[in-house]
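Contents: one structure, followed by commentary.
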Amino acid sequence: MYKKLLYVTMALNTLLIMGSVLILIMMGKLILPLSIMVLSITLGFFGIVLIVRSIVLKGSRLYQLILYHLLQIAVTCINLLLILNFPMAISIFDVFIIGTLVHVFISAFLVYLSLKNHRYQIQKARYLNSKSKSNC
């Protein structure tokens with residue numbers, strides 16, 4: 001369940017980032033610093049690679065999705081720190097590229113839940129495995 005939720009949020013975030021970059025390029029209004037654009041576009045390409053990989057290989061691994069969300073947290077925090085001294089008003093598309101604290105909280109919460117659920121599944125499997133061995 002959490003894997004699907006991680007995948008959907010990854011796909012939506014990738015769509016937001018890359019769509020916003022394309023819209024701003026078409027409008028000719030790229031005002032963000034180059035470092036923010038490079039970080040966000042790199043994250044978007046990583047998301048596209050994971051989406052294509054999941055289509056070709058019929059699924060994606062949990063650790064890849066968790067890695068994407070951890071990278072999203074890092075990129076968003078770096079972007080927010082870089083944008084602190086940016087004097088111009090930014091559009092909603094720039095906000096989609098930069099990210100917000102809501103992105104950080106949602107990604108952190110999803111990563112926490114999926115890791116907690118994964119750890120529970122491992123403990124449950126070990127318990128059932130040891131119980132079946134003791135019955136034999």
Side-chain angles (χ1 to χ4, degrees):
M1 179 177 124
Y2 293 116
K3 187 176 172 183
K4 288 182 184 179
L5 195 56
L6 285 170
Y7 181 80
V8 168
T9 55
M10 183 231 9
L12 289 175
N13 189 46
T14 301
L15 178 68
L16 275 176
I17 290 172
M18 298 310 279
S20 298
V21 167
L22 289 175
I23 288 172
L24 288 176
I25 287 174
M26 284 191 246
M27 289 172 38
K29 296 186 178 184
L30 288 173
I31 61 171
L32 292 174
L34 183 63
S35 57
I36 291 176
M37 294 299 291
V38 168
L39 284 172
S40 297
I41 291 173
T42 304
L43 182 67
F45 278 128
F46 183 56
I48 290 172
V49 166
L50 286 180
I51 291 170
V52 169
R53 185 179 173 143
S54 71
I55 291 171
V56 171
L57 297 177
K58 303 293 183 204
S60 55
R61 298 191 181 266
L62 181 65
Y63 76 89
Q64 293 169 340
L65 297 173
I66 289 175
L67 178 65
Y68 175 85
H69 283 278
L70 291 175
L71 286 174
Q72 179 188 1
I73 291 170
V75 166
T76 302
C77 290
I78 291 169
N79 286 346
L80 289 173
L81 290 175
L82 291 174
I83 204 72
L84 281 176
N85 297 324
F86 197 64
M88 299 182 83
I90 56 176
S91 70
I92 189 70
F93 298 116
D94 295 325
V95 172
F96 289 150
I97 293 171
I98 295 167
T100 61
L101 283 178
V102 174
H103 290 108
V104 172
F105 292 142
I106 289 173
S107 289
F109 185 68
L110 288 175
V111 166
Y112 170 74
L113 286 178
S114 61
L115 287 176
K116 186 177 177 182
N117 185 36
H118 182 67
R119 187 176 307 142
Y120 170 74
Q121 295 295 333
I122 290 173
Q123 289 175 349
K124 183 179 173 184
R126 285 182 185 162
Y127 173 74
L128 292 175
N129 191 15
S130 67
K131 193 174 182 179
S132 66
K133 285 183 180 179
S134 66
N135 288 340
C136 290

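Reckoned from all heavy atoms, side chains included, excluding hydrogens, waters and symmetry mates.
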*Give the other cluster members for L15, using side-chain heavy-atom distances under 4.5 Å between Ile, Leu, Val, Met, Phe, Trp and Tyr residues; answer none if it is isolated.*
none
_Would you compute the distance between atom OG1 of T9 and atom NE2 of H103 and round it to the nearest 0.5 angstrom?_
10.0 Å
_If you define the side chain from C-beta out and look only at heavy atoms, does anything of M10 sit under 4.5 Å from I51?_
yes
_Minimal non-hydrogen separation, G99 against L80, with atom names_ = O-CD2, 3.6 Å
*Side chains of F96 and V21 in contact at under 4.5 Å (non-hydrogen atoms)*: no
*For L82 and S35, work out which heavy atoms get closest and say how close.*
CD1-OG, 3.4 Å
*asked:* Quick check: closest heavy atoms across F46 and L67, and the distance to 0.1 Å?
replied: CZ-CD2, 4.0 Å
*asked:* Using the rule given for side-chain contact (heavy atoms from CB on, under 4.5 Å), can you reason through I97 versus N79, listing the C-alpha separation, both sets of side-chain angles and the distance that settles it, and then say yes or no?
replied: CA-CA 9 Å; I97 293 171; N79 286 346; 5.7 Å; no
*Which heavy atom in S20 sits nearest to a heavy atom in F93, and how many Å separate them?*
CB-O, 3.5 Å
*Which pair of heavy atoms, one from G44 and one from M18, lies closest together, and at what distance?*
CA-SD, 3.8 Å
*Given the rule that I, L, V, M, F, W and Y join up when any side-chain heavy atoms are under 4.5 Å apart, are L5 and Y63 in one cluster?*
no
*Spacing of CG belonging to L50 relative to CD1 belonging to I55, to within rounding of 0.5 Å*: 11.0 Å
_Using the rule that Ile, Leu, Val, Met, Phe, Trp and Tyr join whenever any side-chain heavy atoms are under 4.5 Å apart, tell me whether V49 and L39 fall into a single cluster._
no
*Mind checking whether I25 and M27 sit in one hydrophobic cluster, side chains of I, L, V, M, F, W, Y counted as touching below 4.5 Å?*
yes
*Provide the closest heavy-atom pair for I36 versus L32 in the form atom of the first, atom of the second, distance.*
CG2-CD1, 4.2 Å
_If hydrophobic clusters are built from ILVMFWY residues whose side chains come within less than 4.5 Å, do L24 and V95 share one?_
yes
*Under the side chain to side chain donor-acceptor pair (under 3.5 Å) rule, what do S54 and Y7 come out as? Steps first, then yes or no, please.*
CA-CA 9 Å; S54 71; Y7 181 80; 2.9 Å; yes
*Do S60 and L65 have side chains that get closer than 4.5 Å, going by heavy atoms?*
yes
*Straight-line distance of I48 CD1 to L43 CG, nearest 0.5 Å*: 10.0 Å
_Check for me, please, whether I66 and F105 land in the same ILVMFWY cluster - side-chain distances under 4.5 Å, paths through other members count._
yes
